[in-house]
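To start, the structure under review is shown below, and the notes come after it.
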Amino acid sequence: MTDTRFDPSSADGRWQRAWSEAGTFTADSSSSKPKSFILEMFPYPSGRIHMGHVRNYTMGDVLARYKKMRGHEVLHPMGWDAFGMPAENAAMEKKVHPGSWTRANIEAMKAQLQRIGFALDWTREFATCDPEYYGHEQSLFIDMYEAGLVYRRSSEVNWDPVDMTVLANEQVIDGKGWRSGAEVEKRKLDQWFLKITDFAGELLDGLGELKDWPEKVRLMQENWIGKSTGLEFSFELSNGDKLPVYSTRPDTIFGASFCAVAADHPLVQQVGASDPAAASFIEECKRGGTTAAELETAEKLGFDTGVTAKHPFTGEPLPVFIANFVLMDYGTGAVMGVPGHDQRDFEFATKYKLPIARVVASDVSEADAPLDGEAATGDGVIVNSDFLNGMSVEDAKAEVNFRAEADGWGEGTTVWRLRDWGVSRQRYWGTPIPFIHCDACGVVPVPKGQLPVTLPEDVDFETPGNPLERHPTWSKTACPKCGGDARRETDTLDTFTNSSWYFLRFASQPVDAPFDAEEVAKWMPVEHYIGGIEHAILHLLYARFWTRALKHIGKIDVAEPFAALFTQGMVTHETYGKRENYTRKSSVDGRDVEVSEWTWLSPDEVNRTSEGATLKASGEPVEVGRVVKMSKSKKNVVDPDGIIDEYGADAVRWFMLSDSPPERDLPWSEAGIEGCGRFVQRLWRLFESLDPAASGEDKALARKAHQAIVAVAEDIEALSFNKAVARIYELTGAAEKAAPSESRNFAIRTILHLVSPMMPHLAEEIWSRQNESGLIADAAWPAHDPAMLVEDEVTIAVQHKGKLRDTLTAPKGAAKEDLEALALASEKVQRSLDGAEIRKVIVVPDRLVNIVT
RNA sequence: GCGGGUGUGGCGGAAUGGUAGACGCCGGGGACUUAAAAUCCCCUGAUCUUUUGAUCGUGCGGGUUCGAGUCCCGCCACCCGCACCA
């Protein structure tokens, strides 16, 4: 009956089947229990599950299982973010259809996930490349179009002239196509856009309600949306034109000493055309670096156009420069330069010897105080500014705005950094945009009854270009309006649209609609959403936008999709490598060339000891590099499958939860997983040592168990899995050492429940061996006795001169005087006092006594 | 440059302003064994000390406090993000 070892290779699969057959994790939306929707960001089916996925899904799994134990009806689904470029790349490289490549990957990865024993509701599984899914997406897209949230306009793309395809920014390397190596061109194409800017204000304000999102992510989104308020007004130019500018500091308008426009500003094109010096300056501006750090440190450069602008209040002529620090795509592409109170303007004015005036000072009496080497960007009172003098910055802004609007030369405006979302992709493997182009009727949505517009199966990846466009028949159709010959839209939707509403489809999946609003209302918002920080902006902002847009058009009644967001750290590993030096003949002139080559080595090829690392094959020493995110390029990846074969799913799950706080990186180590494997067996022995016949009380151990019930629950709810793990270790150690008793049996059963969300296979195996009925996955979280949480004896620290001198044991709640007397009675304390006069004694009940001399 | 985060033993990390280093890993010693594995026990921040113990110690420098890893001020280093945003 008693086995000495837990055998995951037989138990894991057995319990996974038991859960599946019993439908243990199938979510029931008609349940009257409180609902919990636990969601991890669904994976792209690249081919293999990696450790990052395992960590992500283990965290969600513990939460899901815990919530279930707490009496919640839990929805914990899984699916596949299955459209995307890698499938098309595979099609080109391996000559497989993107669909079959993707399907095969899904099958393999699903099997991997199932081996880890996740409590997932597989009945709701779908892939975004299923026509049932993307057909509903098409219908939602048409709804948005009809609500005025979708429009078309011409926009620039990266065009690869050899592959005849549009490239994503990350596919452009040094200005060349990543595959063809051809010089990339800019091309204008008519593209589809979603009006996310209509929701800029809502998306910004909504962040304030997301209390359970990381501050960091909220800030990133806030900056991305980028709200600013100011005045847009026009200067009259000496050449008769008007120059609209935007300023957030209209209060400093009397400090303006120049205007500056972007190199690609329309005004510049006239000047550049007639002046070769201007033309070459414009060229230079366009060549400049684009990273933030480069831009910040780059020298401010300008070119005087010779045109002047008339100051709206003073009538002074201000020179108009072309400047490299002004961006065409923000505001109006032109600014007024106020060098006294803007650092960039200050640097610029210093270089080109333009007047630098103070118009804001800390006090009226400081009006003539010189600016010491930099712009004064702080708050203060307006000076040297005619009718604004003496006003606060705030009042002066309002006053200038008022006068500009009253006199009709300007307007208070809000400017957003957020741009509309371009969703057109000239690719095959995505959701076809459900529109038809008719020469007579223009752009017409596909009638909903004809959805889904499915992708053709017979496609050709041999010739360059968009396969949908080249397909001989697919795009040919009849206009739904006039019935005449028409052409289907051949662009597909950005894959971010697929992940912008998938959680709604998880919550509810009727056949004839994207979702059912009532069903959605039962589950949404997602209670815990867990994933990587890399999605802090785009995915999370787009999903928030879709949710708000769908609410706006009356499809759902929830504004924010994710009540709480958790961004987990990466799984990292040491890197190994060696440098090889050799000589080879140069291919150019045949001479010997010294070559030094760095080779990364995989952990499988290396023997790692505490002294260092050596190559398994030859025993030569290997360099141990930095601990970094697991990646194929550095070869520091560990495949979950091999680890599960060796240690079982529970050991891997335990490792994922141990040691590192979940938001930080988790360093994978062989020693660490071995330790987890040993702990699984240690628990097994402890559970097997349960003696049903034991009697007697062990109050200290029972108390520890009750305390652990409370503490582990708190830790799981705070997602502090590493702390929960430490508590379980502690209780385990205490139970192991204790003599048999009823209390010990209680402690052991408690541990079994506490670890069951983390090590579900071991827990089920023990549960059944103890002849308990049903599955422990269906059991409740153990109840605790509040009376048992309180200690009746406490340890009191005694300090003197700020240092610990002794510790004493005292009954809980002992009087201050008693503690003081007890402390002074201590021999160690007396030795430290050494007869010194006691000036004060601080007593913190149940904690410490501090003697001041 | 700006914004955010982090900094505690050999390592991952604990610690409502109240015993710094819980818990795990590594390492050392021992028991069991013919032997090994497995398991169990003990030690494990540094320095000094025979023991007892003492002193130092949470990136650096100040401060508040009876008492600071924790609060305040000023720095440093590393990591992440970014948009010269008018």
Side-chain angles (χ1 to χ4, degrees), chain A residues 4-5 214-220 222-224 226-228 230-232 245-250 252 259-260 262 288 290-298 300 323-327 329-338 341-345 347-348 415-417 533-534 536-537 609-610 627 654-655 658-661 663-667 669-676 678-679 681-682 685 720 722-733 736-737 795-807 828 831-832 839-844 846-853:
Chain A
T4 52
R5 285 183 68 80
E215 179 67 30
K216 181 193 175 96
V217 175
R218 294 208 311 254
L219 249 158
M220 282 164 82
E222 194 180 313
N223 292 337
W224 188 262
K227 181 182 185 174
S228 79
L231 178 69
E232 186 175 329
V245 299
Y246 170 71
S247 173
T248 54
R249 294 294 305 273
T252 63
C259 287
T290 53
T291 70
E294 269 177 306
L295 291 172
E296 281 288 351
T297 48
K300 306 290 177 276
N324 65 346
F325 65 91
V326 181
L327 307 174
D329 61 358
Y330 186 80
T332 60
V335 299
M336 68 166 185
V338 183
H341 305 283
D342 181 284
Q343 187 56 28
R344 290 158 314 194
D345 296 349
E347 289 170 32
F348 189 81
V415 169
W416 305 88
R417 195 195 83 95
I533 186 73
E534 66 274 18
I537 297 173
T609 67
S610 54
V627 179
W654 189 251
F655 185 100
S658 304
D659 293 351
S660 290
E663 67 279 8
R664 288 207 216 163
D665 289 351
L666 173 69
S669 75
E670 193 66 20
I673 185 68
E674 277 172 20
C676 293
R678 277 198 298 272
F679 185 64
Q681 300 301 337
R682 204 175 131 195
R685 289 191 299 274
S720 297
N722 56 320
K723 289 196 234 169
V725 161
R727 308 242 189 222
I728 291 170
Y729 270 117
E730 240 168 307
L731 184 57
T732 302
E736 283 171 337
K737 287 184 181 71
T795 307
I796 306 288
V798 185
Q799 293 181 340
H800 172 229
K801 288 197 273 192
K803 289 201 171 56
L804 179 73
R805 301 297 163 178
D806 199 4
T807 55
K828 287 178 184 172
R831 204 186 311 147
S832 174
R839 289 175 28 220
K840 199 175 173 186
V841 178
I842 288 140
V843 181
V844 182
D846 295 335
R847 295 220 83 127
L848 64 70
V849 178
N850 192 358
I851 302 163
V852 186
T853 55

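Quick note on labels: first sequence line is chain A, next is B, and so on, each numbered from 1. The structure displayed is predicted, hence computed values, not measured ones.
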- Query: For A:Glu730, what residues pass the salt bridge (Lys or Arg N to Asp or Glu O under 4.0 Å) criterion, not counting sequence neighbours?
  - Reply: none
- Hits for side-chain hydrogen bond (donor to acceptor under 3.5 Å, both in side chains) against A:Ser228, two or more places apart or cross-chain, chain-then-number order -> A:Tyr246, A:Tyr330
- Message: Within the 4.0 Å limit for protein heavy atoms, which parts of nucleotides 10-33 of chain B are touched? Write it as a string from 5' to 3', B for base, S for sugar-phosphate only, - for none.
- Response: --BSSSB-BB--BSSSSS------
- Between B:G10 and B:U58, how far is it from one P atom to the other, in whole Å? 13 Å
- Could you tell me which residues satisfy side-chain hydrogen bond (donor to acceptor under 3.5 Å, both in side chains) with A:Asp659, sequence neighbours excluded, listed by chain and number? none
- Could you work out the separation of B:C79 and B:G74 based on their P atoms and round it to a whole Å? 24 Å
- Query: Given atom CD of A:Glu232 and atom P of B:C85, what is their separation to the nearest angstrom?
  - Reply: 18 Å
- Query: Say you pick atom P in B:G17 and the same atom in B:G69; how far apart are they, in whole Å?
  - Reply: 13 Å
- Side-chain contact, heavy-atom cut-off 4.5 Å: A:Glu222 with A:Arg218? no
- Between P of B:C82 and CG of A:Leu219, the distance in whole Å: 14 Å
- Sorted by chain and residue number, the side-chain hydrogen bond (donor to acceptor under 3.5 Å, both in side chains) partners of A:Ser832 (sequence neighbours excluded) come out as A:His800, A:Arg805
Interface polar pairs with nucleotides 35-37 of chain B, N/O, under 3.5 angstrom:
none

- Query: Can you tell me how far P of B:A83 sits from CH2 of A:Trp416, to the nearest Å?
  - Reply: 18 Å
- side-chain contact (heavy atoms from CB on, under 4.5 Å) partners of A:Val335, counting only residues at least two apart: A:Ala260, A:Val326
- Just checking A:Lys801: base, sugar-phosphate only, or nothing, at a heavy-atom cut-off of under 4.0 Å? nothing
- Report the distance from atom CZ of A:Phe325 to atom C1' of B:A83, rounded to the nearest whole Å. 15 Å
- Judged by nearest nucleotide, the residue sitting upstream toward the 5' end of RNA chain B, A:Lys840 or A:Glu215, is A:Glu215
- Query: How many angstroms lie between atom CD of A:Glu663 and atom CG of A:Asn722, to the nearest 0.5 angstrom?
  - Reply: 8.0 Å
- Message: Just verifying a value: how many Å separate A:Ser658 OG and A:Phe679 CZ, rounded to the nearest 0.5 Å?
- Response: 8.5 Å
- Item | Presence of A:Lys803 side-chain N/O under 4.0 Å of B:G67 phosphate oxygens OP1/OP2 | no
- Report the distance from atom CE of A:Met220 to atom C1' of B:A83, rounded to the nearest whole Å. 13 Å
- Message: Considering every strand and a 4.0 Å limit on heavy-atom distances, what is the contact class for A:Arg839: base, sugar-phosphate, or nothing?
- Response: nothing
- Given side chains that start at C-beta, do those of A:Thr252 and A:Met336 come closer than 4.5 Å, heavy atoms only? yes
- Whole-Å distance separating the CD atom of A:Glu736 from the C1' atom of B:C41: 13 Å
- Task: Please measure how far the C1' atom in B:G61 lies from the corresponding atom in B:C23, and state the result in whole Å.
- Result: 34 Å
- Separation between the C1' atoms of B:A38 and B:A22, rounded to whole Å: 27 Å
- Query: RNA chain B in dot-bracket, Watson-Crick or G-U pairs under 3.5 Å, [ ] crossing, | other strand?
  - Reply: (((((((..(((.....[....))).(((((.......))))).((((....))))..(((((..]....))))))))))))....
- Results of salt bridge (Lys or Arg N to Asp or Glu O under 4.0 Å) for A:Arg664 - residues two or more places apart only: none
- Task: Please state how far atom CG in A:Asn223 lies from atom P in B:C80, giving the value in whole angstrom units.
- Result: 19 Å
- Item | Test salt bridge (Lys or Arg N to Asp or Glu O under 4.0 Å) applied to A:Asp342 - qualifying residues, sequence neighbours left out | A:Arg344
- Message: Any side-chain N or O of A:Arg344 below 4.0 angstrom from OP1/OP2 of B:C85?
- Response: yes
- Query: Is the glycosidic angle of B:G9 within 90° of 0, making it syn, or outside that range, making it anti?
  - Reply: syn
- Calculate, to the nearest 0.5 Å, the distance between atoms OG1 and CG belonging to A:Thr795 and A:Asp846 respectively. 10.5 Å
- When rounded to whole Å, the CD to P distance for the pair A:Glu347 and B:C84 reads 14 Å
- Message: Within this structure, what is the SG-CH2 distance for the pair A:Cys676 and A:Trp654, rounded to the nearest 0.5 Å?
- Response: 8.0 Å
- How long is the span from the CZ atom in A:Phe325 to the CZ atom in A:Phe348, to the nearest 0.5 Å? 5.5 Å
- When rounded to the nearest 0.5 Å, the distance separating NZ of A:Lys828 from CG of A:Leu804 is 9.0 Å
- Query: In whole Å, what separates the P atom of B:G59 from that of B:U55?
  - Reply: 22 Å
- In whole Å, what separates the C1' atom of B:U34 from that of B:G29? 23 Å
- With sequence neighbours left out, the residues meeting salt bridge (Lys or Arg N to Asp or Glu O under 4.0 Å) with A:Arg682 are A:Glu736
- Message: Would you measure the distance from the P atom in B:C2 across to the matching atom in B:C11 and give it in whole Å?
- Response: 32 Å
- Query: When every nucleotide of nucleotides 43-50 of chain B is labelled 5' to 3' by its protein contacts under 4.0 Å (heavy atoms), B for base, S for sugar-phosphate only, - for none, what sequence of letters results?
  - Reply: --------
- Message: For a quick check of understanding: with a heavy-atom distance under 4.0 Å over all strands, which category does A:Arg218 fall into, base, sugar-phosphate or nothing?
- Response: nothing
